[in-house]
Structure formats: structure tokens, C-alpha cells
Amino acid sequence: MKIVLLGPPGAGKGTQAKSISNRYSIPHISTGDIFRKNISEGTPLGIEAKGYIDKGQLVPDEVTINMVKDRLTWEDCKNGYLLDGFPRTVAQAEALEGFLADRNEKLDTALSIEVPSSFILERMTGRRVCPSCGASYHVKFNPPTKAGVCDVCGSDIVQRKDDTEETVSERLEVYERQTQPLIDFYNNKNLLSTVDGTKAINEVFESICSILGSVK
Ligand code: ADP
Ligand code: ADP
Ligand code: ZN
């Protein structure tokens with residue numbers, strides 16, 4: 001199964017991706033997580049990406065597309081994958097289409113988690129993440145069992161540097177301008193499915209499973 005997750009920052013893509021990845025045994029590929037790993041390791045890719053990420057802007061298409069194409073050729077992708085945070089521009093979506101067409105493959109669905117912007121600020125400023133395993137928590141809506149500690153791997157959880165009020169509003173503008181057009185892009189190809197992301201985390205997951213159960 002090959003799935004693209006769409007939705008504004010803070011929609012719950014990362015949260016749902018972890019559960020989908022476990023349920024369907026496909027790798028969760030988050031471009032944000034890959035960038036953050038490169039930043040923490042100080043790689044040339046990380047150094048280049050950091051300036052854009054800290055400002056809430058997109059990393060240039062060419063860099064991002066090459067990074068994803070490389071990742072999709074790994075062995076663990078042969079039975080499918082879940083893309084979280086990619087594509088984010090029409091150029092990225094077209095590159096993914098070309099990559100799939102070259103292999104005679106196709107996407108099963110582009111799943112959009114719909115959340116109005118009025119929900120986003122509270123979700124993102126309350127977000128805490130695990131720098132080791134990428135798990136996402138929320139101080140109010142999804143706290144870890146033990147305060148400040150990741151349930152999955154026991155590392156200390158942190159607030160992302162780009163989850164501040166100013167950066168969030170820039171990221172929402174970037175989303176509306178550059179990523180929202182992908183909704184029409186996939187709708188026109190009859191690949192779009194949508195879920196109401198304002199429901200509780202487990203309810204959203206139930207809706208996603210019922211969609212994924214019928215995409216094949
Ligand atoms: P994204 O990957 O789309 O940016 P996340 O999965 O990191 O979003 O979720 C953003 C924040 O909102 C996190 O703090 C997460 O715990 C919280 N969250 C995710 N889904 C829900 C939900 N359905 N209801 C309330 N809070 C949620
Ligand atoms: P969120 O889901 O909260 O928006 P991500 O972790 O997906 O955050 O992304 C964090 C940042 O990494 C983005 O604001 C952007 O700067 C960069 N980034 C992630 N994915 C892409 C992409 N596909 N194209 C360009 N930049 C990206
Ligand atoms: Zn963890």
C-alpha cells in the first residue's frame with residue numbers, strides 16, 4: 001500500500017502515521033523527521049535545511065525531491081510506504097508521479113486529514129516530540145504516561161523550535177499557498193480521500209482504517 005498523508009501542519013499526520021505504519025506494516029517516511037535527523041547530525045543536508053525550517057519556509061524542491069527519491073529505493077519500501085509531509089508542492093507531487101510511473105506503480109490514495117486553521121495554533125504550541133523516535137505528544141490532548149518522557153522509547157520529549165506562535169502562522173500561510181493546491185491535484189486524479197481530523201485521535205484512526213480497508 002502506498003499512501004500520501006495530506007493536511008495542514010498540526011493536523012495529526014505524524015500521530016496517525018505511527019498507527020497506520022504499525023497496523024499495515026509499511027514504513028512511515030516523514031520528510032520533517034529526516035530533515036531533523038540530518039540537522040541533529042550536522043550533515044550538509046541538515047545545514048542547508050535548517051535555515052528554511054527555522055523560518056517556517058519550505059526546503060527547496062530539488063533538495064527535498066532527491067532526498068525522498070533516494071529513501072523510496074530502500075529495501076523496506078518494496079511493499080509500500082506512508083509519506084508524511086511529502087509532497088508539499090505541485091512540483092513534488094509531479095516528481096512522485098514520475099517516480100512511480102517509471103516503476104509501473106501507483107499511489108493507492110492521498111488521505112487528507114481535515115482540520116480548520118482555528119484548531120492549529122493550540123495543537124502546535126502544545127505539541128511535544130520525541131527527538132529519538134519521532135513520537136508526537138500534546139500537553140493537553142495526548143500527554144505521555146509519565147510527564148516529559150516518551151512512552152515508546154523513554155527519551156525526554158522536547159518542544160520543536162519551529163512550534164512557536166510566529167513560525168506557526170508563517171507555516172500556515174506556506175501551507176495555504178503551496179500545499180493546499182495538492183487537494184485539487186489528487187482529487188482530479190480520483191485519488192483523494194478525506195477524514196475529519198477534529199475528532200479524538202482514536203476516532204480519526206478508525207475513520208482512516210475504514211478508508212484504507214476499501215482503497216484496494
Ligand atoms: P502533523 O504531523 O500533521 O504536523 P502531529 O501529529 O504532530 O501533526 O499533531 C500535532 C499536535 O496535535 C500534536 O501535539 C498531537 O499530539 C496533537 N494531535 C494530533 N491529533 C489530534 C487530535 N485528533 N485531537 C487533538 N490533538 C491532536
Ligand atoms: P509539520 O507536519 O508540523 O508541518 P514537518 O515535520 O512535516 O512539520 O516539517 C517541518 C519542516 O520541514 C517544514 O516546515 C519545512 O520547513 C520542512 N519540510 C518538511 N517536509 C518538506 C517538504 N516536503 N518540502 C519542503 N520542506 C519540507
Ligand atoms: Zn521516543
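Predicted model only: the values in this text are computed from it and were never measured. Atoms within a ligand are numbered from 1 in the order they appear, just like the ligands themselves.
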Below the 3.5 angstrom mark, is there an N/O of Arg127, backbone or side chain, next to an N/O of ligand 2?
yes

Who's the nearest protein heavy-atom neighbour of atom 4 (O) of ligand 1, and how far?
Gly10 N, 2.8 Å

Around Glu62, counting heavy atoms of other residues, nucleotides and ligands shown, do more than 12 lie under 6.0 Å from its CD?
no

Does any N/O atom on Thr31 come nearer than 3.5 Å to any N/O atom on ligand 2?
yes

Nearest atoms (heavy-atom pairs only) where Val90 meets Pro181
CG2-CB, 4.2 Å

shortest atom 1 (P) of ligand 2-to-protein heavy-atom contact is with Arg171 NH2, 3.3 Å

Nearest to atom 17 (C) of ligand 2, what protein heavy atom do you find, and at what distance?
Ile53 CG1, 3.8 Å

Can you name the nearest heavy-atom pair linking Val204 to Lys199, along with the distance?
CG2-O, 3.5 Å

Which atoms form the tightest heavy-atom contact between Ala91 and Ile65, and what is the distance?
O-CD1, 4.0 Å

Between Gly126 and ligand 1, does any nitrogen or oxygen pair lie at a separation below 3.5 Å?
no

For ligand 2, which atoms, with element, lie under 4.0 Å from some heavy atom of Gln57?
15 (C), 16 (O)

Under 4.0 Å from one or more heavy atoms of Ala200, ligand 1 contributes atoms 23 (N)

Which residue supplies the protein heavy atom nearest to atom 23 (N) of ligand 2, what is that atom called, and how far is it?
Gly85 O, 2.8 Å

Enumerate the atoms of ligand 1 whose separation from the nearest heavy atom of Ala11 is less than 4.0 angstrom.
3 (O), 8 (O)

Within ligand 1, which atoms have a heavy atom of Gly197 less than 4.0 Å away?
23 (N)

Does NZ or CZ of Arg103 fall inside the cone over Phe99's six-membered ring, less than 6.0 Å from its centre and within 45° of the axis?
yes

Of Leu83, Leu82, Asp76, the one forming a side-chain contact (heavy atoms from CB on, under 4.5 Å) with Ile29 is Leu83

Minimum heavy-atom distance between Ser210 and Ser214, given as atom pair plus value:
O-OG, 3.3 Å

Option whose closest heavy atom lies nearest to atom 19 (C) of ligand 1, chosen from Asp33, Leu6, Asn142, Thr15
Thr15

Would you tell me whether Thr145 and Asp151 have side-chain atoms, one donor and one acceptor, within less than 3.5 Å of each other?
yes

Taking it one step at a time, do Ile201 and Gln16 satisfy side-chain contact (heavy atoms from CB on, under 4.5 Å)?
CA-CA 8 Å; Ile201 292 174; Gln16 297 299 333; 3.8 Å; yes

Regarding ligand 2, does Tyr52 bring an N or O atom to under 3.5 Å of one of the ligand's N or O atoms?
no

May I ask you to identify, for Met124, whether its side chain, its backbone, both or neither come under 4.0 Å of ligand 1 on a heavy-atom basis?
neither

Is Gly12 in polar range of ligand 1, meaning some N or O pair under 3.5 Å apart?
yes

Would you say Lys199 has any N or O atom under 3.5 Å from an N or O of ligand 1, going by distance alone?
yes

Of all protein heavy atoms, the one nearest atom 8 (O) of ligand 2 is Arg160 NH2, 3.2 Å

What atoms of ligand 2 come closer than 4.0 angstrom to any heavy atom of Arg36?
6 (O), 10 (C)

Looking only at heavy atoms, which two atoms of Pro87 and Thr179 are closest? And how far apart?
O-CG2, 4.4 Å

Please walk me through it: do Leu212 and Arg23 pass side-chain contact (heavy atoms from CB on, under 4.5 Å)?
CA-CA 11 Å; Leu212 296 184; Arg23 170 81 60 99; over 6 Å; no

Heavy atom under 4.0 Å from ligand 1: found in Ala17's side chain, backbone, both, or neither?
neither

Sub-4.0 Å atoms of ligand 2 with respect to non-hydrogen atoms of Thr64:
22 (C), 23 (N), 24 (N), 25 (C)

Answer yes or no: does an N/O atom from Tyr137 fall short of 3.5 Å to an N/O atom of ligand 1?
yes

Which option wins on minimum heavy-atom distance to atom 26 (N) of ligand 2: Val59, Leu172, Ile39?
Val59

Test of proximity, Gly14 against ligand 1: N or O pairs below 3.5 Å:
yes

CA sep, side-chain torsions, deciding dist, call: Arg71, Phe86, side-chain contact (heavy atoms from CB on, under 4.5 Å):
CA-CA 12 Å; Arg71 179 64 185 85; Phe86 182 95; over 6 Å; no

Vertex the Zn ion (ligand 3), arms to Cys150 SG and Cys130 SG, rounded to 10°
110°

Contact (N/O only, under 3.5 Å) between Gln16 and ligand 1
no

Within ligand 2, which atoms have a heavy atom of Gln92 less than 4.0 Å away?
22 (C), 23 (N), 24 (N), 25 (C)

By number and element, which atoms of ligand 1 are closer than 4.0 Å to a non-hydrogen atom of Phe141?
25 (C), 26 (N)

Check contact between Lys55 and ligand 2, using heavy atoms of the residue and a distance below 4.0 angstrom.
no

For Val4 and Leu96, run side-chain contact (heavy atoms from CB on, under 4.5 Å): C-alpha distance rounded to whole Å, both residues' side-chain angles, the deciding distance at 0.1 Å, then the answer.
CA-CA 10 Å; Val4 159; Leu96 176 63; 3.8 Å; yes

For the residue pair Thr167 and Asp162, what are the closest heavy atoms and their distance?
CB-O, 3.4 Å

Among all protein heavy atoms in this structure, tell me which lies nearest to atom 2 (O) of ligand 2, with the distance rounded to 0.1 Å.
Lys13 NZ, 3.5 Å

Protein contact of atom 13 (C) of ligand 2 - nearest heavy atom, named by residue and atom, plus distance
Arg88 NH2, 3.9 Å

Going by the order shown, which atoms of ligand 1 are within less than 4.0 Å of some heavy atom of Ser136?
5 (P), 7 (O), 13 (C)

Would you kindly confirm whether Phe35 and Val68 end up in one hydrophobic cluster when ILVMFWY residues are joined by side chain heavy atoms under 4.5 Å apart?
yes

Is the closest heavy atom of Gly7 to ligand 1 under 4.0 Å?
no

Atom 27 (C) of ligand 2 has as its nearest protein heavy atom Phe35 CE1, 3.7 Å

